[in-house]
> 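What follows is a single structure, and I will ask about it in a moment.
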Amino acid sequence: MTIGIPKEIKNSEFRVGMTPSGVNSFVRNGHTVYVEKGAGLGSGFSDDLYLSVGAEICNSIEEVYSKSEMIIKVKEPLKQEYSLIKKDQIIYTFFHFASSKELTEAMIKSDAICIAYETVQNDDYTLPLLTPMSEVAGRMATQQGAKFLEKPQSGHGILLGGVPGVKPANVIVLGGGVVGTQAAKMAAGLGANVTIFDISLDRLR
């Protein structure tokens, strides 16, 4: 199979669909992998690293899409990518179709085979591809929240963990799923008083 790794074009997205290690695994199993020039730079992977494990570097996103039977991305295709997607081409990425009618209709019209990371399940119904991203999101939520409580960010000048003589902040986390659990752990680790709300007693346990 021919596999394409385009450079992510969504604003502030620095991840890449496949690391050199992943490319190496595909190439060793007889597949051809095309990587767009500079696709891995935001994640610290140079073109030379991809070349060293057998990838072929393409100069444009158009070239990657045109040569590939399967596209592996991180984020959903943007409007400027819709026309590049071919009938029966496999698009493997986070889609979050429920949040975009335009994207959903465009993918239906393309007749591509869309596999959404967030819907891939194990036999026990856990979500192996969504879980690690949710862990990142939960940790980042607390980190960003703490930053925007600072005075220079027009916040209230609150330090989550407090200091001797000043009480720590009170943090409320809505939902005790993967994101909420990670957010609560981060807040508690910083010394805040943390309360989690959830309708599931099992999750609260």
> Indicate yes or no: at least one non-hydrogen side-chain atom of Pro6 is less than 4.5 angstrom from one of Lys73.
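Yes, close enough: below the 4.5 Å cut-off.
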> I'd like to check Met70 versus Ile72 (side-chain heavy atoms, cut-off strictly below 4.5 Å). Are they in contact?
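Counting from C-beta outward, Met70 and Ile72 do come under 4.5 Å.
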> Do Val16 and Leu51 land in one hydrophobic cluster if side-chain heavy atoms of ILVMFWY residues count as linked below 4.5 Å?
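Hydrophobic grouping puts Val16 with Leu51.
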> Could you report the tightest heavy-atom contact between Val74 and Gly17, atom names first, then the distance?
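Smallest heavy-atom distance, with atoms named: CG2-N, 3.6 Å.
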> Restricting to non-hydrogen atoms, name the atom on Gly176 and the atom on Ile196 that form the minimum distance, rounded to 0.1 Å.
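Result for this residue pair: CA-CG2, 4.0 Å.
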> Taking the side chain as C-beta and beyond, is there a heavy-atom pair between Met1 and Ile90 under 4.5 Å?
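Yes. Closest side-chain heavy atoms under 4.5 Å.
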> Tell me, with the steps shown, if Gln89 and Ile71 meet side chain to side chain contact (heavy atoms under 4.5 Å, CB included).
CA-CA 8 Å; Gln89 192 173 44; Ile71 296 293; 3.9 Å; yes
> Do Val171 and Leu160 have side chains that approach each other closer than 4.5 Å (heavy atoms only, starting at C-beta)?
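In contact.
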> Find out whether Val178 and Glu135 are in side-chain contact, i.e. whether some heavy atom of one side chain is under 4.5 Å from a heavy atom of the other.
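Yes - at least one pair of side-chain heavy atoms lies under 4.5 Å apart.
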> Phe97 and Ile108: same hydrophobic cluster, using ILVMFWY side-chain contacts below 4.5 Å?
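In one cluster: no.
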> Indicate yes or no: does Glu63 engage Lys67 in a salt bridge with an N to O separation below 4.0 Å.
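Result for this pair is yes, salt bridge flagged.
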> Glu36 side chain to Asn59 main-chain N or O, any donor-acceptor pair under 3.5 Å?
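Absent.
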> Say whether Met140 and Met186 are linked into one hydrophobic cluster, either directly or through other cluster members, by side-chain heavy-atom distances under 4.5 angstrom.
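Looking at the clustering, Met186 is in a separate group from Met140.
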> Linking Ile, Leu, Val, Met, Phe, Trp and Tyr by side-chain heavy atoms under 4.5 Å, what else ends up with Ile9?
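The other cluster members (ILVMFWY side chains, heavy atoms under 4.5 Å, direct or chained) are Leu78.
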> Would you indicate whether Lys37, at its atom NZ, is surrounded by more than 12 heavy atoms from other residues, nucleotides or ligands within a distance under 6.0 Å?
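Atom NZ in Lys37 is not crowded, with 12 or fewer foreign heavy atoms closer than 6.0 Å.
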> Applying a strict under-4.5 Å side-chain criterion to I, L, V, M, F, W and Y, I'd like to know whether Val179 and Met133 cluster together.
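Unlinked, Val179 and Met133 end up in two clusters.
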> Using 4.0 Å as the upper bound for N to carboxylate O, is an ion pair formed by Arg15 and Glu13?
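Yes, this pair counts.
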> Is a salt bridge present between Glu76 and Lys10, judged by a nitrogen-to-oxygen distance below 4.0 Å?
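Yes.
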> Side-chain contact, heavy-atom cut-off 4.5 Å: Leu129 with Tyr92?
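In contact.
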> Heavy atoms, side chains only, cut-off 4.5 Å: are Gln121 and Leu127 in contact?
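SC-SC contact between Gln121 and Leu127 confirmed.
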> Rounded to the nearest 0.5 Å, how far apart are CZ of Arg205 and CG of Asp198?
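Spacing of CZ (Arg205) from CG (Asp198) equals 12.5 Å.
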> Could you state the interatomic distance from NZ (Lys79) to OG (Ser100), rounded to the nearest 0.5 Å?
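Going from NZ on Lys79 over to OG on Ser100, the span is 10.5 Å.
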> Measure the spacing between CD1 of Ile85 and NZ of Lys87 and express it to the nearest 0.5 Å.
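Separation between the atoms: 14.0 Å.
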> Working to the nearest 0.5 angstrom, can you tell me the gap between Ile5 CD1 and Ile61 CD1?
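If we round to the nearest 0.5 Å, Ile5:CD1 and Ile61:CD1 are 12.0 Å apart.
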> Determine whether a donor-acceptor pair (N or O, by modelled atom type, separation under 3.5 Å) exists between the side chain of Thr119 and the backbone of Ala116.
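Side chain of Thr119 to backbone of Ala116: a pair is present.
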> Kindly give the heavy-atom pair with the smallest separation between Ala192 and Pro168, and that separation in Å.
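The answer is CA-CB, 4.1 Å.
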> Has Asn11 got more than 12 heavy atoms of other residues, nucleotides or ligands less than 6.0 Å from its CG?
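No, CG of Asn11 has 12 or fewer neighbouring heavy atoms, counting only those of other groups under 6.0 Å.
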> For Glu69, run the side chain to side chain contact (heavy atoms under 4.5 Å, CB included) check against Thr2, Ile3, Asp88 and tell me which one passes.
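Filter result, single survivor: Thr2.
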> Look only at the side chain of Thr93 and the backbone of Phe95, and say whether a donor-acceptor pair between them is shorter than 3.5 Å.
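The answer is no, because no donor-acceptor pair under 3.5 Å joins these two groups.
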> Do Tyr34 and Ile57 sit in the same hydrophobic cluster, where Ile, Leu, Val, Met, Phe, Trp and Tyr count as joined when their side-chain heavy atoms come under 4.5 Å apart?
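Per the 4.5 Å side-chain linkage, Tyr34 and Ile57 are not co-clustered.
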> If you take all heavy atoms of Ser25 and Asn29, which pair is closest and at what distance?
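Smallest heavy-atom distance, with atoms named: O-ND2, 2.7 Å.
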> Would you check if the side chain of Ser43 reaches a backbone N or O of Phe14 as a donor-acceptor pair within less than 3.5 Å?
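Yes; judged by distance alone, with no hydrogens or angles, the pair exists.
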> Dump the intermediate steps for side chain to side chain contact (heavy atoms under 4.5 Å, CB included) on Thr195 and Phe197, then the final yes or no.
CA-CA 7 Å; Thr195 303; Phe197 287 98; 4.0 Å; yes
> Pairing donors with acceptors under 3.5 angstrom, does anything connect the side chains of Thr126 and Asp124?
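The criterion, which ignores hydrogens and geometry beyond distance, is satisfied for Asp124 and Thr126.
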> Taking all non-hydrogen atoms of both residues into account, name the closest pair between Val194 and Ala188 and its distance.
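That would be CG2-N, 3.6 Å.
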> Are Ile113 and Ile91 packed together at the side-chain level, in the sense that at least one heavy-atom pair is separated by less than 4.5 angstrom?
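The answer is no, as the side chains (C-beta and beyond) never meet within the 4.5 Å cut-off.
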> Checking side-chain polar atoms at under 3.5 Å, does Tyr65 have a donor or acceptor matched by the opposite partner on Glu81?
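Short answer, yes.
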> Taking all non-hydrogen atoms of both residues, which atom of Met107 and which atom of Cys114 are closest, and how far apart?
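So the minimum-distance heavy-atom pair works out to CB-SG, 3.7 Å.
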> Assess whether side chain to side chain contact (heavy atoms under 4.5 Å, CB included) is satisfied between Lys109 and Tyr82, documenting all intermediate values.
CA-CA 10 Å; Lys109 184 178 179 181; Tyr82 294 169; over 6 Å; no
> How far does CZ of Phe45 sit from CE of Met18, to the nearest 0.5 angstrom?
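Rounded to the nearest 0.5 Å, the CZ-CE separation comes to 12.0 Å.
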> Is it true that atom NZ of Lys185 has more than 12 heavy atoms of other residues, nucleotides or ligands lying nearer than 6.0 Å?
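No.
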> Evaluate whether atom CD1 of Ile199 has more than 12 neighbouring non-hydrogen atoms of other residues, nucleotides or ligands under 6.0 angstrom away.
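Count not over threshold, so no.
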> To the closest 0.5 Å, what do you measure between CD1 (Ile158) and CD (Glu150)?
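That separation rounds to 11.5 Å.
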> Let's go through Leu190 and Thr142 carefully: what are the C-alpha distance in whole Å and the side-chain angles of both, what is the deciding distance for side chain to side chain contact (heavy atoms under 4.5 Å, CB included) to 0.1 Å, and is it a yes or a no?
CA-CA 9 Å; Leu190 289 169; Thr142 297; 4.2 Å; yes
